4 protein chains.
Amino acid sequence: MALWDGRFGEGPARAMLEFSESLGTDMAMWQEDVRASVAHVVMLGEVGILTSAEAEEIVAGLGKVADELAAGWRPGIEHEDIHMAIEARLGEHVGELAGKLHTARSRNDQVATDVRLWLRRRMLLLDEAVAELMARLLDRVERDGHALVPGFTHLQRGQPIRLGHHLLAHVWHLSRDRERLRDTLHRVNRSPLGAAAMAGTPHPIDRSRTAELLQFEAVLENAMDAVSARDHVLEATADCAILMAHLSRLAEELVLWSTREFGWITLSDSWSTGSSIMPQKRNPDAPELVRGKAGRVFGDLQALLAIVKGLPLAYNRDLQEDRTALFDAVTTTLACVRVLAGCIESMAIHPTVDLRGDLSLATELADFLVTKGVPFREAHRVAGGLVKSVEGDPRGLAALTADDLRQAHPKLDASALAWLDPEKAVERRSSRGGTAWDEVLRQVGLLRASLR
Amino acid sequence: MALWDGRFGEGPARAMLEFSESLGTDMAMWQEDVRASVAHVVMLGEVGILTSAEAEEIVAGLGKVADELAAGWRPGIEHEDIHMAIEARLGEHVGELAGKLHTARSRNDQVATDVRLWLRRRMLLLDEAVAELMARLLDRVERDGHALVPGFTHLQRGQPIRLGHHLLAHVWHLSRDRERLRDTLHRVNRSPLGAAAMAGTPHPIDRSRTAELLQFEAVLENAMDAVSARDHVLEATADCAILMAHLSRLAEELVLWSTREFGWITLSDSWSTGSSIMPQKRNPDAPELVRGKAGRVFGDLQALLAIVKGLPLAYNRDLQEDRTALFDAVTTTLACVRVLAGCIESMAIHPTVDLRGDLSLATELADFLVTKGVPFREAHRVAGGLVKSVEGDPRGLAALTADDLRQAHPKLDASALAWLDPEKAVERRSSRGGTAWDEVLRQVGLLRASLR
Amino acid sequence: MALWDGRFGEGPARAMLEFSESLGTDMAMWQEDVRASVAHVVMLGEVGILTSAEAEEIVAGLGKVADELAAGWRPGIEHEDIHMAIEARLGEHVGELAGKLHTARSRNDQVATDVRLWLRRRMLLLDEAVAELMARLLDRVERDGHALVPGFTHLQRGQPIRLGHHLLAHVWHLSRDRERLRDTLHRVNRSPLGAAAMAGTPHPIDRSRTAELLQFEAVLENAMDAVSARDHVLEATADCAILMAHLSRLAEELVLWSTREFGWITLSDSWSTGSSIMPQKRNPDAPELVRGKAGRVFGDLQALLAIVKGLPLAYNRDLQEDRTALFDAVTTTLACVRVLAGCIESMAIHPTVDLRGDLSLATELADFLVTKGVPFREAHRVAGGLVKSVEGDPRGLAALTADDLRQAHPKLDASALAWLDPEKAVERRSSRGGTAWDEVLRQVGLLRASLR
Amino acid sequence: MALWDGRFGEGPARAMLEFSESLGTDMAMWQEDVRASVAHVVMLGEVGILTSAEAEEIVAGLGKVADELAAGWRPGIEHEDIHMAIEARLGEHVGELAGKLHTARSRNDQVATDVRLWLRRRMLLLDEAVAELMARLLDRVERDGHALVPGFTHLQRGQPIRLGHHLLAHVWHLSRDRERLRDTLHRVNRSPLGAAAMAGTPHPIDRSRTAELLQFEAVLENAMDAVSARDHVLEATADCAILMAHLSRLAEELVLWSTREFGWITLSDSWSTGSSIMPQKRNPDAPELVRGKAGRVFGDLQALLAIVKGLPLAYNRDLQEDRTALFDAVTTTLACVRVLAGCIESMAIHPTVDLRGDLSLATELADFLVTKGVPFREAHRVAGGLVKSVEGDPRGLAALTADDLRQAHPKLDASALAWLDPEKAVERRSSRGGTAWDEVLRQVGLLRASLR
């Protein structure tokens, strides 16, 4: 029996029921719904809107429903949503007293409360998972980060760097994702309970008390805001989208690095799959899926923005769709973080790329000249000319002689040749944030501290 | 046993299996998968790659699997996707012969084929559903379309129109959606089967034959194109997004028109719901959900575009995500079209809005002056001045006297007062596409013909 | 002369120059570019990489260039971007010494620094503008907020509320936008300067010093992160998108409220426009444009996410596009906030909607019964039945007699009739966050305090 | 003097003027606006609404305005949009007769007409540009397409293919983009002129005649549809987005192939740029920008969808934003197509990748076994085992002896070794759409024919 039976004549068509039901999505929130109802009833009992006995009986009944749900009981589609289903089930346990559960409450504030509780828990899990991924990356920085690799811009070799320097950039990206999640959490963790439909209630409820019972940081001060606000949903999804953008960049690099052409890493068999037709393949499915799922989460964010756009207050049914997108974004992101942590932990990293003579050392010559007082632009031009002179020579810059240097610029003496050693080139970049090993280790320390 | 067991040592981790499986989505394609496999095997038998007996046995086995699936059998997650699941099940029926099913085929062309078959069927259903919605709207145009209502721009009353004129605009929108679906269908309905992984096959297959068996219009001529192309997926989803944009505009109007403030229509109880706290509410849930789901489908399109962007050929696992978004977009859109048809058919349309004296008749005065040779811009200014003179008067333009008109402009004689009759104003707009009733009926005729 | 002339033979084609130049966008950052260069050169002078005299001469030269730019001088397209243009112009003032400006710096960290400075300034302006809009709304709450209007859910009348209660919901939305902007600002306001291309530099620079000179809160600790990070760009744009979602909701309501059908407000002529054909129109162009521009900013966010997705580190030219989207999002949002403040301040708000007997009072009957101990669900059903009994009666619930009530439920005595007074209904909702006037004023106090 | 001066008291604020003006965008349509006005006036003269003399004078005046615009005259912001600016300028040439130009027309149908004319012209240019890009790719297929390269799935080497086979996949992608553009063009090329504001007009206009003069294929039959429809804008932008998705995939490959690690191509200097700090860099800026601009066009599409969503008919000012996004999408896409054509034409393609012994030949062994009657799944397993046995051996499959093969499977005799020759492997894939050279050439023929 649907809730509108008091007035409607014919009842909603079955097709409408199927179109509008949200049980498939809402089911994920049953624990939060029970928890919020318990807090509500406890408060109703404390302020005298229900008697203590009534409150206790309803709380006990809700406990039974929770046990049943935990044991696998699932309501049918006729209940429209999880909230109605739980109340109906409660009625089977406590009779018409169940009709008092919804006193001084509306589905609007009820759903808003459940979603915030659901989201709070998942954001904490996400924060933990990101910390774990950071830790796995830091492990690899310490274990394999000393290796020399070309640093890229435009996917062209730019300058030699330590692999750890590169991996650390991803860790710093993630560290800001955690900052964002925590900032957002403060806006998620506020209580709409007690707002009722949008106007508050004539009953003497205590909203601070339910907020306290549910461990909310604050009470949303305006009832219409409490039920119409979706900025916390948008913001949490935007956090996920930004995090997924970061993961997609790391995933892209894992895909590139595991090609035959780059050959820097081999993903473990656990995080790869084979091919139905090509038996030699070890496909980087896990990072590819992460990269693809970034697009999915971006789509969730765009869906939410488009859904919310131009909606008058307070509540419109369009907003039911917000959970589909939010839940998908958060659970997808969580899975991706965990999967990448597995990939990072288990992949093999291969020995150093041989960068002797590599054209990516050309900047060293320019920097050498700068130390001799040559303006950078001129130094850059000189180094460019030398690169051009060895193009096509497989030895690269290793083909240059002291004579070549001198002819290119009078201040480019033989000592500049020593600057072309890749190890030295890297260690010379010891400015704050540079690729020298001590700088790498200093950052590992900072980041480890942030994880504690 | 996963397909890559021949080489991989440890096998994929359970977490990876869960992360990468697509059974939940693929399941929707089991019929297409069986059908495409049957066509493939029939062809293999005809060209002699399989013996007739082998082909017949496999076809029979596939039939059994199909029967089991139809009867409710569902494979477990260890099968990764529906394609592997069906082949494995086939093996339980026909033994190692099942291993020949995949001859001269790859999962790449197999999946590409299944998706195109799935999509073709749903696009045809969508085309039918849109035609049905158009028919229901045309019914209302004929039945209720003579009513006078204000036509809006900027949601401000602009000019009196027939309701049918307004409803017809939506029908024309939808008629172009059908054009689009049909254009797209030609690009969807081409066969990738036989492309194998991306390079074709050394076996003497007959791709025309499988295309014929599966009723494809054409064969995709390049194997790498066949497995890497996703433009048909993007295009079909874009069609859905555009259609949903149209539905959202119609839905918005149903919401507006069913407010107390507009009061033009009452949605039937079947397509409304009540409120948990406010017993008088008859909420336009169905159109609100349609409007919200438009955002969802836009998100699906953006997800797909982002997923495809920058992917090197031929296949990357990111593309597995395409089905999640495509299937969601198409099935959501189909449901929305059907639900709106129900709303349109069953809603009550209330009598004509009283437009006597309404300021939306001001254009009539300007047009009157134009017929007297006054330049439009001057006529417009004169009419504007008259509107200003009656602002605040509840009678509106009905407060104007012949004297008022004459003072406003010498050519604005008493006969202009007759132009202010809303019925006449509407009938005067009999230019092609205008709001006069004959024009409305002419268009109904054109549109009915397009539905036949 | 382009910078790559040292090596390239033919130089870039004109078409490429046009395709790749970003002067049109970058021009907005010239002040930031000069400022960052000055800080860089001051530091180079302090640490001895340049002599004091060199540093002073370059700083003076940059001052001249800044004066020229402020006076309207604009570089030509041959300069590719504003950074090269300024350096080239500096060369015309100080000769080859200009070639030392770029010492220990790359365009990567230079551009990253400029963008952060640009963004920091605009976010502060945006924060101010939002505060101003909140203040204008609070003014209207105090001046006009006592008026009774129906509160809507599903755009159906739900319960009577004070207009101020409704407007406050928007103010609370905006208050969280300011929180978000400030949280983001901490992540924007970190210094990438000194990261060079991605690997740091061999020269003994002092990154803390440039950070201090530019009033950055912190130094980005990893050079590759410093030049590859775009999460601050994504986050700031997401903040704008969420803010625009809020503005679009307010704008939608202004459009609705200014219709003839609602008639709650009249926008001032300053923020409306007329029609070229319909002289009586006063179109709510300003809020409509705000609503439309919300879509534009959503598009900017989606563009940015798609651009960043899957990009390998450190820098790729794709990222040049980030400024087009970011600058558009931020400046569009700022303009919309200001325009809405103008609309809010200048609009006329009309007297109270007459809600006597309005069906939106039905909840009062249910709440009355709840105070008599009747379970809410039963009370809701009773009230629903009473609504049904008066449907079609123009008096609405005012048609109910004491007898009608008693027949509906034994506990629904004559005193319940008094509960149907809209003023009393509103004042009864004095729970925290409810629509009673004292609650409205309490929130105004809280929000005013947040603006100080 | 703005058009609403007849009624409004104070006139719009300067801020509103700046916020709402669209001259910057509309300016691009001045030719279309003049052309459409000329057609309108010619028709007005023909049907007698204007006298022949009036019509001729206005047409002549419009010609003068056009000449002035062509010569560089630009209207000021006070004109709000290009349409008002041209009419005002006309007034300076022909006096108050200019006030008759707008007879039986509204800005709604005027703008709708201009946009369709603008879009039609650019879509034709886009179609040509795509054809040109296809031709340049086909040139490279013929010139360089015989080269052997690994075909990738998951960016892992899958099977040896001809480079031409791979390039052709892109050409086929593009061929469908042209189909889409042409399908869309039929929906763009319909005339809204004469719809007036939304209701038609009382004046005896001839809409077929203006359609004919403007070379429209058809007349939009419903006036409200004519001014409210934006599906052609959405569809054209979706076409651009899909085309950009294709270009981004080609661009990604150009970036990858031009890395030191792949080394397949070298972009010409004309389409690359250097680095401000690293003198050896030749950056693939052109394809990177194309890839980035794909995100931009996706953003335009999302903006448009969000803008149109939920808009009631007929016209709302939100829609002014449609041109910003549409124009940007179309002009960006056009530029990208042309730039890629330049890259493709001028890049150097390097000799064949050495694939002897490459693991991507493993499928050959499986296919060999299939020809011996071994079920594919078993053959796949056998080949997988052989791959595993040579992992780590730099010779790859070339390390296998006849003995190794026989031990792996009794039917794998010595003749299988010959199957491992890459050239033969490629030529064996001569099934329709396969990578054999004759198949490549056959497709070149088909595609060349489509360009004629």
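Quick caveat, the model's predicted, so the values are computed rather than measured. Note on naming: letters A, B, ... go to the chains in the order of the sequence lines (proteins, then strands), and numbering restarts at 1 for each one. Computed from heavy atoms alone, side chains included, the values below leave out hydrogens, waters and symmetry copies.
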Below 4.5 Å, heavy-atom pairs only: which of His83(D), Gln110(D), Arg296(D), Gln302(D) has the largest tally toward chain C? Arg296(D)
Closest approach of Gly295(C) to Ala306(D) (non-hydrogen atoms, all atoms of both residues): CA-CB, 3.8 Å
Could you grab the distance from atom SG of Cys343(C) to atom CE of Met16(D), nearest 0.5 Å is fine? 7.0 Å
From CZ (Phe298(D)) to CD1 (Ile307(C)), nearest 0.5 Å: 10.0 Å
With a 4.5 angstrom heavy-atom cut-off, is it the side chain or the backbone of Val290(D) that approaches chain C, or both, or neither? both
Which residues in residues 309-327 of chain C have a heavy atom less than 4.5 Å from any heavy atom of chain D? Leu311(C), Asn316(C), Arg317(C), Asp318(C), Gln320(C), Glu321(C), Thr324(C)
Counting heavy-atom pairs under 4.5 Å with chain D, the top scorer among Val297(C), Val339(C), Val308(C) is Val339(C)
Shortest non-hydrogen contact from Ala286(C) to Phe19(D)? O-CE2, 3.9 Å
